[in-house]
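Remarks on the structure that follows.
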Amino acid sequence: MSEVVNRIRQNLRGIEQQIQTACDRSQRNAADVQLITVTKYAEWNWVEALLELGYCHLGESRPQQLEERAELVSKEIQWHLIGQLQRNKIRKVLPVTKLIHSIDSLKLLDAVDRIAGEEQLRPNLLLQVNVSGEETKQGFSRNDLLDHWSEFDQFSHTNIVGLMTMAPHVDDPELARPTFRDLRLLQDELNQRSQTVKLSELSMGMSHDFGIAIEEGATLIRLGSSLFEGISK
Ligand SMILES: *Cc1c(COP(=O)(O)O)cnc(C)c1O
């Protein structure tokens, strides 16, 4: 077995333990937390190593790279788009993507829904929320969603299945907890208000803070750098 595969396997073993520990602390079942291995900075042979190790939920942040890589492999891969989606990329990305985490405006949602209708697809989507209100971050504000929530019922070619957020980058991951908690509270609030949309997924937590995110209810965690520690390009 190659050096790279070995190293990634070791890293993943540590990560799986941390997932289990966070689940134990919050009395959750580890089967309810899906690890998405983020390959945006990964060399192709690292991606192959992940597949060899049986990880098949892969996350890319650039639509272009996702689309190119989706063509390279025939294996069953569930591709997750976690980065910004430009409207001119929608048509190519929809057929190869299992879940789009980064729907960040009504305009984009509207375009995705229309194209999904034309292509006779029914994509699963998460709404990206800028919980912390940082100016540099994409996404809906809490109030955008609460004030306009009835408008989200009208999209008939897409499934809105949950919410996604990124916590501010802070040294102490504990400081990310309020962001994750607020996303979960928002999910509850929106679910109480909606007749048709049912939000069941929370995509939150990255290499630095996923333990806290799991404690606060993450169902999807997105890890990149921690998978590939110790490997040089
Ligand atoms: C890159 C990226 C990740 C993974 O971040 P790491 O800190 O490398 O684990 C997760 N989510 C999004 C949206 C990203 O762009």
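First listed ligand is number 1; within each ligand, the first listed atom is number 1.
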* Asked: Hey, are the side chains of S102 and L81 touching, using non-hydrogen atoms and a 4.5 Å cut-off?
  -> yes

* Asked: Do any N/O atoms on S207 end up under 3.5 angstrom from N/O atoms on ligand 1?
  -> yes

* **Heavy-atom closest pair, residues V4 and A49** => CG1-CB, 4.1 Å

* In one Ile/Leu/Val/Met/Phe/Trp/Tyr side-chain cluster, 4.5 Å: F210, M166 -> no

* Are more than 12 heavy atoms from other residues, nucleotides or ligands located less than 6.0 Å from atom CG of D24? -> yes

* Asked: ligand 1 and H208, any nitrogen or oxygen pair closer than 3.5 angstrom?
  -> no

* How far is atom 5 (O) of ligand 1 from its nearest protein heavy atom, and which residue and atom is that? -> M206 CE, 3.5 Å

* Answer yes or no: does atom NZ of K98 have more than 12 heavy-atom neighbours from other residues, nucleotides or ligands under 6.0 Å? => no

* Which residue supplies the protein heavy atom nearest to atom 7 (O) of ligand 1, what is that atom called, and how far is it? -> S225 OG, 3.7 Å

* Asked: Just by modelled atom types, is the L99 backbone N or O under 3.5 Å from a matching donor or acceptor in the T97 side chain?
  -> no

* To do: Can you pull out the closest protein heavy atom to atom 15 (O) of ligand 1? Residue, atom name and distance to 0.1 Å, please.
  => K40 NZ, 2.7 Å

* Any luck finding a side-chain donor-acceptor pair between E60 and T39 under 3.5 Å? -> yes

* Among protein heavy atoms, which sits nearest to atom 12 (C) of ligand 1, and what does the distance come to when rounded to 0.1 Å? -> I82 CD1, 3.5 Å

* Side chain or backbone of H101 under 4.0 Å from ligand 1, or both, or neither, by non-hydrogen atoms? -> neither

* Greater than 12 external heavy atoms within 6.0 Å of Q27's CD -> no

* Asked: Based purely on interatomic distance, does G224 place a nitrogen or oxygen under 3.5 Å from a nitrogen or oxygen of ligand 1?
  -> yes

* Asked: Taking only heavy atoms of L223, which atoms of ligand 1 are found under 4.0 Å from at least one of them?
  -> 9 (O)

* Structure fact -> Under 4.0 Å from one or more heavy atoms of M166, ligand 1 contributes atoms 13 (C)

* Got the closest protein heavy atom to atom 11 (N) of ligand 1, with its distance? -> R222 NE, 2.8 Å

